[in-house]
Amino acid sequence: MYEQIAHSLLNKILDELKPEIRKRDLRHFYTRLGANFYAIHSLFHLLYGKRDDFERQMLRLVEVMAAQYILREKPLKKKDHKREHDHNWFLSQKWVGMALYTDGFSDDLQGLRERIDYFEELGINMVHVMPILECPQGASDGGYAVSNFRDVDERIGSLTDLRVLAKELRQRDILLTLDVVVNHTSDEHEWAKKAQEGDEKYQDYFYIYKNRDTPDVFETSMPEVFPETSPGNFTFDKSMNKWVMTVFNDYQWDLNYNNPAVFIEMLDIILFWANQGADIIRLDAVAFLWKKIGTTCQNEREAHLILQLMKDCCQVTAPGILFIAEAIVAPVEIIKYFGEDAVIAKECEIAYNATFMALLWDAVATKNTKLLNQGICSLPEKLERSTWLNYVRCHDDIGLGFDDNDIYQVGYDPKAHRHFLVDYFTGNFEGSPAKGQPFGHNEKTGDDRISGALASLVGLEDAIDKNDAKAIQQSIDLILLLHGMVISFGGIPLLYYGDEIGTYNDYSYLKDVSKAHDNRWIHRPQINWERAEKRHQKDTPEQKIFDGLKRMIAVRKTVSSFADYNNRELIETENSHLFAFMRNNPFEDKDKDNVLVVGNFNNLPQYFSLSDLRNRGLFEYEFLQDLYSGESISIVEDKLVVPPYCFFWLVNRKV
Ligand code: OTU
């Protein structure tokens, strides 16, 4: 029944398409449109079906998809076909990513192109180039306040530079990830300016209110994202004499997805960047896409419908493109960004594994894995054909968003435990070598998050200051341990630029008025390329970290059990300092090894008992080889010793 309605509307739309679209050979476009139209129609109807202009908006949507399809260049269309055929391509263990700010890494896009060798040296084949779109001169939240969605910021280059970079990456089999900031625009964006001038069409692109009545009601249930620097969720705009919803900074205006025109514009922009050569689009702040009075305005059902609709439309025009969901929310909510009530991912194929990241940091501070094990145990199963982005650090703060229940389960009090973690990472806990800073202190809830560079949080900066050789080695081991976990966990590991050479906190942001109030800049460095040269100098920390990571990445690529087919099994151990899991071979091929991963988060050696695993038939072995070091590992009475801050990737094999 419903299919018939969708079909007849589709026929009508095809008749009404502009002549320049109708004339083209759009064979593949129409096949995909036919396959996806029922879903697209249903979702668009759920969101906008009550509007009088529903059919006109639907026609506009199809026109946008078709127009971008026509603009899509041959090599990209070819790639779409290849990926449709090999649709699990991104689950392979072959992919390893790095996220970076262009200006911090290489000044500009041309400079970035000249550094591709560096990615290849380390083994990186997915590069997430953080926001490069035009943004205001002063504060722009690192480019997350976009003033023009269709051009590159001139400070780092031009659209041509980007296209040249994309082409070269493509030739070298490196994936390009770009950001599309879907939740908000800068107050200097044309839409915002027109709204300020009183244009009602554009006022309807945002959440704008005459007085405080509605904002006040919203505020009763909305938390604050930047309570210290941008309290409240609304900003008074003098030129309009009205209030605008600004959930993030006061210069970031939230887009109103109740308006189908906003959805269509943003889809057009996503497809525009897909057509510039992006392989993966990172959708920023997706949890915030739908606002509803009386709710936290995060993780609303409609936010998921919008993402599903974006995915289905993208599937028609550029099916090779993947979406990353950036949803730093509670574990049970994160998992929904792959799609709810589905078997196979239908929203975003990739999501930030913020849960695992925060749990790893918990293990660092406590030197035990109680909460890490508990948290991973309660992490719901993800869908098929979806994968995690696993990371240790990124450009944002570390939020302590564990599930309170999990914290209780392991015997801590949630509030006290979070306090301890903040104290630990800001160096205010006895014996802590960490040099982080509290971020986003919330007066109302007492919550804090944490800023700081990896090397400074694990104590490398402190150890080098003190010239303490043992502490230097321990923090290097810890950096490698953390990466050893994210590289083998299942998903795409995403390294953060500078961490591969142990870059410390950078305090220079304090001298820039547009950054000084936001200490996340402490961990957004300018790469010191002279220092990076030390990676070739034996026994320097730079060399030890770089070569350790390089080795891990190279080994990962050869181990097919590290591909992500939900083939991980958490191993309970009696030893609460260890984190252990099996990566089982997901393929028919019986010759491929199952890998047992074991990491020790304690500063003392720990025993790992294998007999239980053997008894349960989980891991049969005679000889143990550690794939990372290549060495054989001795076992005494079914026990193996894991040195402090050390990890193994074990297989049954004689060296
Ligand atoms: C994202 O962040 C970006 O990663 C941040 O750099 C931006 O400031 C922000 O959006 C606004 O564009 O929205 O879903 O600590 O984790 O702001 C999560 C807060 C986000 C960040 C949060 C995050």
Side-chain angles (χ1 to χ4, degrees), residues 99-101 104 128-133 135-136 139-147 149 177-187 189 222-230 233 245-255 266 281-291 296-300 303-304 306-307 323-331 333-337 347-348 350-355 357-358 361 389 391 393-401 422 436-442 445 447-452 494 496 509 514-515 517-524:
L100 53 89
Y101 283 105
H128 171 201
V129 183
M130 281 190 284
I132 53 168
L133 308 195
C135 61
S140 70
D141 194 13
Y144 283 101
V146 177
S147 50
F149 283 112
T177 302
L178 293 180
D179 270 271
V180 177
V181 188
V182 275
N183 180 67
H184 43 263
T185 76
S186 149
D187 58 359
H189 190 283
M222 281 175 94
E224 294 166 308
V225 180
F226 300 133
E228 274 177 319
T229 51
S230 186
N233 290 287
M245 185 184 282
T246 55
V247 171
F248 292 88
N249 289 293
D250 55 13
Y251 52 81
Q252 286 164 310
W253 289 22
D254 286 70
L255 285 163
M266 295 317 286
I281 304 281
R282 173 193 184 273
L283 300 174
D284 184 62
V286 288
F288 296 82
L289 288 181
W290 195 266
K291 319 298 199 283
T296 58
C297 298
Q298 290 181 40
N299 308 311
E300 285 301 310
H304 289 284
I306 288 168
L307 291 168
F323 286 168
I324 299 180
E326 194 256 352
I328 313 302
V329 292
E333 294 295 340
I334 294 186
I335 205 99
K336 294 183 190 160
Y337 288 90
E347 281 182 33
C348 298
I350 310 174
Y352 277 78
N353 197 347
T355 311
M357 181 277 298
W361 285 106
L389 205 59
Y391 62 111
R393 281 304 283 117
C394 72
H395 70 291
D396 279 330
D397 51 288
I398 303 173
L400 307 174
V422 174
Q437 294 193 353
F439 173 79
H441 176 71
N442 189 322
T445 59
D447 286 344
D448 282 292
R449 286 121 71 179
I450 297 153
S451 283
L494 186 72
Y496 183 59
Y509 77 99
S514 69
K515 294 177 177 164
H517 63 283
D518 185 343
N519 69 19
R520 288 178 299 170
W521 287 99
I522 210 172
H523 55 252
R524 296 171 176 179

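Numbering of ligands and ligand atoms starts at 1, following listing order.
- Within ligand 1, counting atoms from 1 as listed, the ones closer than 4.0 Å to a heavy atom of Asp397 are 15 (O), 19 (C).
- Residue Met130 does not touch ligand 1, judged by heavy-atom distances below 4.0 Å.
- Nearest protein heavy-atom contact of atom 1 (C) of ligand 1 is Asp284 OD1, 3.0 Å.
- Only the side chain of Arg520 comes within 4.0 Å of ligand 1, judged by heavy-atom distances.
- In this structure, atom 20 (C) of ligand 1 lies nearest to the protein heavy atom Glu326 OE1, 3.3 Å.
- Near His184, meaning under 4.0 Å from any of its heavy atoms, are these atoms of ligand 1: 11 (C), 12 (O).
- The main-chain N or O of Thr246 is never found under 3.5 Å from a side-chain atom of Gln252 such that the two would form a donor-acceptor pair.
- With hydrogens left out, the protein atom closest to atom 22 (C) of ligand 1 is Phe248 CE2, 4.2 Å, a heavy atom.
- Looking at Asp141 against ligand 1, only its side chain comes within 4.0 Å, counting heavy atoms.
- Residues Asn183 and Asp254 have side chains that bring a donor and an acceptor to within less than 3.5 angstrom of each other.
- With hydrogens and angles disregarded, no donor-acceptor distance shorter than 3.5 Å links the side chain of Tyr101 to the backbone of Gly143.
- In this structure, Gln298 does not count as a contact residue of ligand 1, since none of its heavy atoms falls inside 4.0 Å of the ligand.
- Remark: minimum distance from atom 4 (O) of ligand 1 to any protein heavy atom is reached at Asp396 OD2, 2.4 Å.
- Here the CG atom belonging to Asp250 is positioned 12.0 Å from the CG atom belonging to Asn233, to the nearest 0.5 angstrom.
- Of all the atoms in ligand 1, the ones that sit under 4.0 Å from a non-hydrogen atom of Arg282 are 3 (C), 4 (O).
- Ring geometry for His189 versus Phe149: interplanar angle of 30 to 60°, hence tilted.
- With a 4.0 Å heavy-atom cut-off, ligand 1 is reached by no atom of Ala287.
- For the residue pair Tyr509 and Asn519, no side-chain donor N or O sits within less than 3.5 Å of a side-chain acceptor on the partner.
- Looking only at protein heavy atoms, the nearest one to atom 19 (C) of ligand 1 is Arg449 NH2, 3.0 Å.
- For His395 and Tyr496, the gap between ring centers reaches or exceeds 6.0 Å.
- Here is the list of ligand 1 atoms found below 4.0 Å of a heavy atom in His395: 3 (C), 4 (O), 5 (C), 6 (O).
- For ligand 1, the atoms lying closer than 4.0 Å to a non-hydrogen atom of Tyr144 are 6 (O), 12 (O).
- Here the two rings, on Phe288 and Phe248, have centers that are under 6.0 Å apart.
- Those atoms of ligand 1 with a heavy atom of Ala285 less than 4.0 angstrom away are 13 (O), 14 (O).
- Within ligand 1, counting atoms from 1 as listed, the ones closer than 4.0 Å to a heavy atom of Ile328 are 14 (O), 16 (O), 18 (C).
- Which parts of ligand 1 touch Phe288 is read off a 4.0 Å heavy-atom cut-off, strictly below it: atoms 13 (O), 14 (O).
- No donor-acceptor pair closer than 3.5 Å links the side chain of Glu224 to the backbone N or O of Ser230.
- Side-chain atoms of Glu326 come within 3.5 Å of backbone N or O of Ala285 as a donor-acceptor pair.
- Between the side chains of Tyr144 and Asp179, at least one donor N or O lies within less than 3.5 Å of an accepting N or O.
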